[in-house]
Amino acid sequence: MSFDYGQAVTDARALLADFGQPGTFIRPVVTGGDPADPAAGTESGISFDALVAVLPIPRNMVGMGAGETVIRDTDVRIYAGAGLPYDPQANDTLETVSGSWRILSVSIIAPAGVTVLYEIVARA
């Protein structure tokens, strides 16, 4: 008997629907400018909505590395379900009713190559 990863994805979505909150992921994009001076371009963002769960960072994670920084006790752990239009990445922003968060790191929980959840560490 094999494990049904599709059911795990469905269960994760159901939990986020019951206990999560709406959020909007925003990825900054610079258009125009030139390769030598991208700051001369226009900054905009691509965005999409998702259900997320925003949780306090566990105490045992404080002081660990997250991307290019160290996790603080004021950071948060965010879970987002599979099926997003693109994978969240460091420096994206997540806007929710509980705050605005800059993503520090993303771990994709994907047993057997099936994305079930994104585990995100973020900072206000």
Side-chain angles (χ1 to χ4, degrees):
M1 184 167 126
S2 64
F3 187 80
D4 183 359
Y5 293 104
Q7 186 60 48
V9 171
T10 300
D11 292 345
R13 285 185 181 145
L15 286 168
L16 287 169
D18 289 345
F19 302 106
Q21 60 183 295
T24 302
F25 285 94
I26 303 165
R27 175 163 299 159
V29 177
V30 176
T31 55
D34 73 44
D37 184 15
T42 303
E43 186 171 321
S44 61
I46 54 174
S47 64
F48 65 92
D49 296 330
L51 285 174
V52 298
V54 180
L55 306 166
I57 204 79
R59 192 169 285 295
N60 67 338
M61 289 181 69
V62 173
M64 296 175 65
E68 299 194 12
T69 190
V70 174
I71 297 173
R72 301 178 187 164
D73 61 356
T74 55
D75 293 341
V76 294
R77 183 161 53 175
I78 299 166
Y79 289 100
L84 303 179
Y86 61 82
D87 293 340
Q89 64 186 28
N91 295 316
D92 286 356
T93 300
L94 175 65
E95 301 280 341
T96 70
V97 295
S98 61
S100 177
W101 313 99
R102 184 176 58 84
I103 296 175
L104 302 175
S105 69
V106 178
S107 297
I108 301 172
I109 300 172
V114 177
T115 299
V116 176
L117 281 172
Y118 296 92
E119 182 179 32
I120 300 165
V121 175
R123 180 169 294 155

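The first residue of the sequence shown is numbered 1, and numbering continues consecutively from there.
- Annotation: side chain to side chain contact (heavy atoms under 4.5 Å, CB included) contacts of R13 (sequence neighbours excluded): V9, A82.
- Residues V70 and R123 approach most closely at O-NH2, 2.9 Å, considering heavy atoms.
- Between F25 and F48, the two ring planes are parallel [angle under 30°; tilted spans 30° to 60°].
- Two different hydrophobic clusters hold L117 and Y86 under the rule that ILVMFWY side chains link at heavy-atom gaps under 4.5 Å.
- If you take CH2 on W101 and CD1 on I78, they are separated by 7.0 Å, rounding to the nearest 0.5 Å.
- Two residues are said to be in side-chain contact when any heavy atoms from C-beta on lie closer than 4.5 Å; D92 and P28 meet this criterion.
- Under the 4.5 Å side-chain heavy-atom criterion for Ile, Leu, Val, Met, Phe, Trp and Tyr, V116 and L15 are members of distinct hydrophobic clusters.
- In this structure, S105 and A66 approach most closely via the heavy-atom pair OG-CB, 3.8 Å.
- Counting non-hydrogen atoms of neighbouring residues, nucleotides and ligands closer than 6.0 angstrom, the CD atom of Q7 exceeds 12 such neighbours.
- Rounded to the nearest 0.5 angstrom, I26 CD1 and S100 OG are separated by 7.0 Å.
- I108 and L55 are not part of a single hydrophobic cluster, where members link through side-chain heavy atoms under 4.5 Å apart.
- Within the structure, the side-chain hydrogen bond (donor to acceptor under 3.5 Å, both in side chains) test picks out the following pairs touching residues 46-64 (sequence neighbours left out): T24-D49.
- With values rounded to the nearest 0.5 angstrom, T10 atom OG1 is found 7.5 Å from D4 atom CG.
- Rounding to the nearest 0.5 Å places CD1 of I103 at 8.5 Å from CZ of R27.
- Placement of V52 and Y118 within a single hydrophobic cluster is found when ILVMFWY residues are connected by side-chain heavy-atom separations under 4.5 Å, directly or transitively.
- Scanning for side chain to side chain contact (heavy atoms under 4.5 Å, CB included) contacts around M61 gives I57, P58, M64, I71, R77, V121, with sequence neighbours left out.
- Put simply, I109 and L94 are part of two different groups of oily side chains (I, L, V, M, F, W, Y) that touch within less than 4.5 Å, one to the next.
- Minimum heavy-atom separation, L84 to A50: CD2-CB, 3.7 Å.
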